[in-house]
Amino acid sequence: MKNSDIERCGPSTQGLRAGYLQSDQQEHSEAIFATSSFTFGSAAEAAAKFADQQPGNIYSRFSNPTVRAFQDRLAVMEGGESCIATASGMSAILATCMALLDGGDHIVSSVGIFGTTASLFFNHLNRFGVDTTFVSLTDYDAWAEAIRPETRMLFLETPSNPLTEIADIQRLAALAHDNGAMLVVDNCFCTPALQKPLALGADVVVHSATKYLDGQGRVVGGAVVGDEERVGKKVFGFLRAAGPTMSAFNAWIFLKGLETLALRMRGHSDNAQAVAEWLEADARVARVNYAGLPSHPQYELAVRQQRAAGGIVSFELAGGREAAWRVIDNTRLLSITANLGGVRSTITHPASTTHGRITAEQRAAAGIGEGLIRLSVGLEDREDLIADLNRALAAAG
Ligand SMILES: *Cc1c(COP(=O)(O)O)cnc(C)c1O
């Protein structure tokens, strides 16, 4: 199928067909090119490839057919010109910053981002003269006020984790562009099956492929998607020089993951909706955060911006940490793990795990209460998930 045709297809078709790679063996499922290097037909061919005068494979730190197939497929799904796969989600964010920022540049970031991303910004990039100001995801005045002449990047995750706040990507893209900056969106929680930030004006999308893109908790990886100049040239240049490369084996796992991504995201969203509605109707639960509920403060925006509300639900118990831990310890089906985005449902206490290393004041400012529980709703039968939560809430008294 021609690329111009696949670009008009839906996310299920794109996940199965975009970037499809077939060797002269005519295999139907993509092959894994497990090779570190590639040979050349002649010295002149080697020279031409090293000089970028002729396309082709050189060395798997920066050119491998299986990795390229994953990149091509994800680029089509996100609607970007170019995609670079990386060893992890964190190295995707690092590569984006190293490739697109200089010392002295400034980042404005939403405060509720993934903890390790925040740590990358304020413990590491700051040592190279890149400062970050953190603002509330949905406080648009705060975003505007935080911008300085040297601001080059606005960075956000939407929906946020674990509170599921939704930011208006179009509005923040306009703010970035009015101020000569770029908007980078971590699209981990929605994936292109539910949300396409580039079509809404974002300049770069980053992924932890470890989560929904794999979807079965097998391997760690990441990706950066955007235009040819920023991603195809600059991020690729950083990858080639620094080497945070995705392996061919992991790329193959992610290719298989993309084949079922749209189907899984529908299943996650349908299950999460049922669980959220059940929790909201239960008197033992003080509050439920899920953008698929009309009670969510950005419900209308979510309906406009996303195909569905996704698989992450959080809820608050009045009894604080003690009550939250009792519920978690009394589940039988849900896995107690901080990982998310997989087919098995997981339950976690953000205040003592994913957000345990920031101070109590920072947690309070970010709205992470001691009674907050986060669910990554998987693909089990929803009746079984609800029965498990019901029993855990009852046992916790
Ligand atoms: C997990 C995660 C990351 C980091 O990805 P790794 O693959 O673990 O390096 C970045 N952003 C978000 C939103 C995540 O959930």
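All ligand and atom numbering here is 1-based and tracks the order in the structure.
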* If you measure from each heavy atom of D186 to ligand 1, is any distance below 4.0 Å? -> yes
* Please determine, by modelled atom types, if S109 and T132 share a side-chain donor-acceptor pair under 3.5 angstrom. => no
* To do: Go through ligand 1 atom by atom and flag the ones less than 4.0 Å from a non-hydrogen atom of E157.
  => 13 (C)
* Asked: Identify the closest protein heavy atom to atom 4 (C) of ligand 1: which residue and atom is it, and at what distance?
  -> F114 CE2, 3.4 Å
* If you measure from the Lys or Arg side-chain nitrogens to the Asp or Glu carboxylate oxygens, is any gap between R382 and E277 under 4.0 Å? -> no
* Say whether T117, considering both its backbone and side-chain N or O atoms, lies within less than 3.5 Å of an N or O atom on ligand 1. => no
* Give yes if a backbone or side-chain nitrogen or oxygen of I93 is under 3.5 Å from a nitrogen or oxygen of ligand 1, and no if not. => no
* To do: Please check if any side-chain donor atom of Q26 sits under 3.5 Å from a side-chain acceptor atom of Q22, or the reverse.
  => no
* Asked: So, R304 and E300, do they make that salt bridge, N to O below 4.0 Å?
  -> no
* **For atom 6 (P) of ligand 1, closest protein heavy-atom neighbour** => G89 N, 3.4 Å
* Please write down residue, atom name and distance for the protein heavy atom closest to atom 2 (C) of ligand 1. => K211 NZ, 2.5 Å
* To do: State which residue, out of L154, L100, V204, fulfils the side chain to side chain contact (heavy atoms under 4.5 Å, CB included) condition with V184.
  => V204
* If every non-hydrogen atom of F40 is compared with every non-hydrogen atom of F50, which pair is closest and at what distance? -> CZ-CE1, 3.9 Å
* Atoms of ligand 1 less than 4.0 Å from F189 heavy atoms? -> 13 (C), 15 (O)
* What protein heavy atom sits nearest atom 5 (O) of ligand 1, and how far off is it? -> S208 OG, 2.9 Å
* Please confirm whether G221 comes under 4.0 Å of ligand 1, counting heavy atoms of the residue only. => yes
* Structure fact -> Per-atom filter on ligand 1: closer than 4.0 angstrom to a heavy atom of C188 are 13 (C), 14 (C), 15 (O)
* Using only heavy-atom distances, determine whether the side chains of K256 and S29 contain a donor-acceptor pair under 3.5 Å. => yes
* **Geometric class of the F121/F155 ring pair [parallel <30°, tilted 30-60°, perpendicular >60°]** => perpendicular
* Which of the numbered atoms in ligand 1 are below 4.0 angstrom from a heavy atom of S88? -> 7 (O), 9 (O)
* Nearest-contact summary for atom 7 (O) of ligand 1 - protein heavy atom, Å -> T210 OG1, 2.6 Å
* Asked: Do R264 and T260 get their side chains close enough for a donor-acceptor pair, meaning under 3.5 Å?
  -> yes
* Asked: M90 to ligand 1: N or O pair under 3.5 Å?
  -> yes
